[in-house]
A.B. asks: 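One structure follows; several queries about it will come next.
In this text, all values refer to a predicted model and were calculated from it rather than measured experimentally. Order of the sequence lines sets the chain letters (A, B, ...), proteins ahead of strands, with each chain counted from 1.
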Number of protein chains: 2
Amino acid sequence: MNYTENIISKYRAHGFKLTPQRLAILKCLDGNTSHPTAEDIYIELKKTHPTVSFATVYNTLTSLKDMGALLEVTIDPDRKHFDPNTTPHHHIICTKCGSIGDIFVDYSQALTLPEDVGAEFFLTGNHVDFYGLCKRCRTKGQV
Amino acid sequence: MNYTENIISKYRAHGFKLTPQRLAILKCLDGNTSHPTAEDIYIELKKTHPTVSFATVYNTLTSLKDMGALLEVTIDPDRKHFDPNTTPHHHIICTKCGSIGDIFVDYSQALTLPEDVGAEFFLTGNHVDFYGLCKRCRTKGQV
DNA sequence: ATGATAAAATAGAATTATTCTAAGTTAATA
DNA sequence: TATTAACTTAGAATAATTCTATTTTATCAT
Ligand SMILES: [Mn+2]
Ligand SMILES: [Mn+2]
Ligand SMILES: [Zn+2]
Ligand SMILES: [Zn+2]
C-alpha cells in the first residue's frame with residue numbers, strides 16, 4: 001500500500017470525501033521528497049486542474065496534517081514546507097538556495113535536556129535543523 | 001561591557017547612528033531571554049517612544065542581525081522570534097503556550113550527517129528544536 | 001555653537017503568506 | 001436519481017513583513 005492508497009483509506013475512515021482535487025494533491029505529494037510549499041503544490045496542481053484554488057490546497061494540507069499524514073517543516077523562516085514522509089526525521093537546508101534534504105537518523109539518545117530545563121519543560125520531541133551548502137551551490141562558476 | 005555597550009561600540013564601528021529609538025531597542029533586548037517577536041518589541045518601545053514605527057523596529061533588528069549581534073529564531077511557524085544571545089545554543093518551545101526556553105548544550109559531536117547526506121551537503125551548522133510542555137501548562141486547573 | 005548632509009525615523013502603502021467567507025458544486029449515500 | 005453535508009471556488013480579509021516617499025536628526029566639519 002503506497003502513500004496515496006494509505007491516505008485514501010484514512011480519508012474514508014475519517015469520513016472525508018475523495019475529490020479529484022484531493023486525489024491530485026495526494027498524487028503530487030506521493031513519494032515527494034522536495035519539501036514543497038503550498039504554492040509549489042498549487043502551481044503543480046494548476047497543470048491538471050486549472051481552476052483549483054489556493055483555499056483547497058491549504059484546506060487539504062490542513063486535513064492531511066490533522067490526520068497525521070503530513071508534516072509541516074519549520075526550517076525556512078519565510079514560508080512553511082510540507083513533507084508527506086511522517087517517519088520522524090531531520091532536515092538540512094542549503095543556506096544559499098534553500099533546498100532541503102532529509103536526515104533519517106535518530107539523535108534522541110544524545111539530545112537530552114540539562115537538569116534545569118528538564119525541571120521546567122516536559123520533553124515531547126525534537127527536530128534538528130542542519131545548515132549547509134548543497135553540491136550545486138558549492139560548484140564554482142554556477143549559472 | 002554589557003550587551004548594549006558592546007553593541008554601541010559595534011554600531012559606531014559600522015558607522016551607524018545611535019538614535020534614541022535604537023538605544024531603546026537595545027535596552028529592551030539587553031539580557032532579554034523571552035525571545036520576543038518584532039511586535040513584542042514594538043509594544044514595549046511604544047511605552048517610552050509612542051511615535052516609534054514598525055519599520056524602525058524591523059530596520060534595527062535587521063541591522064543588528066547583519067552585525068551578528070542578534071539571532072533570528074525559527075522555531076515558531078507563525079512568526080519570527082529574536083534573541084540577543086548570540087552564543088550558539090538551542091531552544092525548547094512549549095507546544096501549548098509557545099513560550100521558548102534556552103538550552104546551552106553543544107550537541108555537535110553527536111549531530112553528524114550520514115554518509116550520503118554528507119556527500120551532498122557541506123555542513124555549516126545545526127540547531128535543535130525541542131518540543132515540550134512548560135511547567136505552567138502542565139499545572140492542572142490553569143486560569 | 002552652527003550648518004551641511006548622509007543616515008535614520010516615520011506614516012502609510014505594498015507585498016506575501018495564509019485564513020476566512022459566502023455562494024455555487026459534488027461525492028457519497030440511500 | 002434525489003438528497004445533503006461536505007467540498008471547491010473566487011475573492012475578501014488578516015497578519016507579518018517590507019517598501020516608499022517624506023521629514024527629521026545624529027554626526028561631523030567648520
Ligand atoms: Mn523530510
Ligand atoms: Mn535563545
Ligand atoms: Zn544550494
Ligand atoms: Zn506552556
A.B. asks: If each of B:Arg79 and A:Tyr11 is mapped to the nucleotide of DNA chain D with the nearest heavy atom, which maps nearer the 5' terminus, i.e. the 5' end?
C.D. replies: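 First, find each residue's nearest nucleotide; the 5'-ward one identifies A:Tyr11.
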
A.B. asks: Check whether NZ of the Lys or CZ of the Arg B:Arg22 lies under 6.0 Å from the centre of the six-membered ring of B:Tyr11 and within 45 degrees of that ring's axis.
C.D. replies: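 Output no; distance or angle outside limits.
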
A.B. asks: Could you state the atom-to-atom distance from CZ of B:Phe54 to C1' of C:dT15 in whole Å?
C.D. replies: 16 Å

A.B. asks: Figure out the OH/P separation between B:Tyr58 and D:dT20, and round it to whole Å.
C.D. replies: 17 Å

A.B. asks: Can you give me the bend angle of the helix from C:dA1-D:dT30 to C:dA30-D:dT1? Use the axis through the first five pairs and the one through the last five, nearest 10 degrees.
C.D. replies: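 Both end axes considered, the difference amounts to 30°.
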
A.B. asks: Please state how far atom NE2 in B:His49 lies from atom C1' in D:dT24, giving the value in whole angstrom units.
C.D. replies: 15 Å

A.B. asks: In sequence, state the C-alpha distance, the side-chain angles, and the governing distance for B:Arg136 and B:Lys96, and then conclude on side chain to side chain contact (heavy atoms under 4.5 Å, CB included).
C.D. replies: CA-CA 10 Å; B:Arg136 240 180 87 82; B:Lys96 197 160 177 189; over 6 Å; no

A.B. asks: Specify the closest pair of heavy atoms between A:Cys28 and A:Glu44, including all atoms of both residues, with the distance to one decimal.
C.D. replies: SG-CG, 3.8 Å

A.B. asks: For B:Gly15 and for B:Pro50, find the nucleotide of DNA chain C with the closest heavy atom, then tell me which residue's nucleotide is more 5'.
C.D. replies: B:Gly15

A.B. asks: Taking N and O atoms by type only, does the side chain of A:Lys80 place a donor or acceptor under 3.5 Å from a partner on the base of C:dT18?
C.D. replies: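 There is none.
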
A.B. asks: Hey, is the side chain of A:Lys17 pairing donor to acceptor with the base of D:dA6 inside 3.5 Å?
C.D. replies: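 Yes, a donor-acceptor pair under 3.5 Å.
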
A.B. asks: Looking at every strand, decide which applies to B:Thr19 at a 4.0 Å heavy-atom threshold: base, sugar-phosphate, or nothing.
C.D. replies: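 The answer is sugar-phosphate, as B:Thr19 gets under 4.0 Å only of primed atoms, P, OP1 or OP2.
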
A.B. asks: Membership question, hydrophobic clusters at under 4.5 Å side-chain separation (ILVMFWY): are B:Leu123 and A:Ile93 in the same one?
C.D. replies: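 No, it is not one cluster - the side chains of A:Ile93 and B:Leu123 are not joined through contacts under 4.5 Å.
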
A.B. asks: Mind checking A:Pro20 for me? I need base, sugar-phosphate or nothing, with any heavy atom below 4.0 Å counting as a touch.
C.D. replies: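 Result for A:Pro20 = sugar-phosphate.
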
A.B. asks: Verify the contact: side-chain N or O of B:Gln21 to OP1 or OP2 of D:dT25, cut-off strictly under 4.0 Å; return yes or no.
C.D. replies: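 For D:dT25, neither OP1 nor OP2 has a side-chain N or O of B:Gln21 closer than 4.0 Å.
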
A.B. asks: So which heavy atom on A:Asp40 is nearest to which on A:Pro36, and how close?
C.D. replies: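 Closest heavy-atom pair between A:Asp40 and A:Pro36: OD2-CA, 3.4 Å.
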
A.B. asks: Under 4.0 Å between any heavy atoms, over every strand shown, what does A:Phe16 touch: base, sugar-phosphate, or nothing? Just pick one.
C.D. replies: sugar-phosphate

A.B. asks: For A:Thr37, answer base if it contacts any base atom (sugar-phosphate contacts may also be present), sugar-phosphate if it contacts only those atoms, and nothing otherwise; contact means non-hydrogen atoms under 4.0 Å.
C.D. replies: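 Nothing, no heavy atom under 4.0 Å.
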
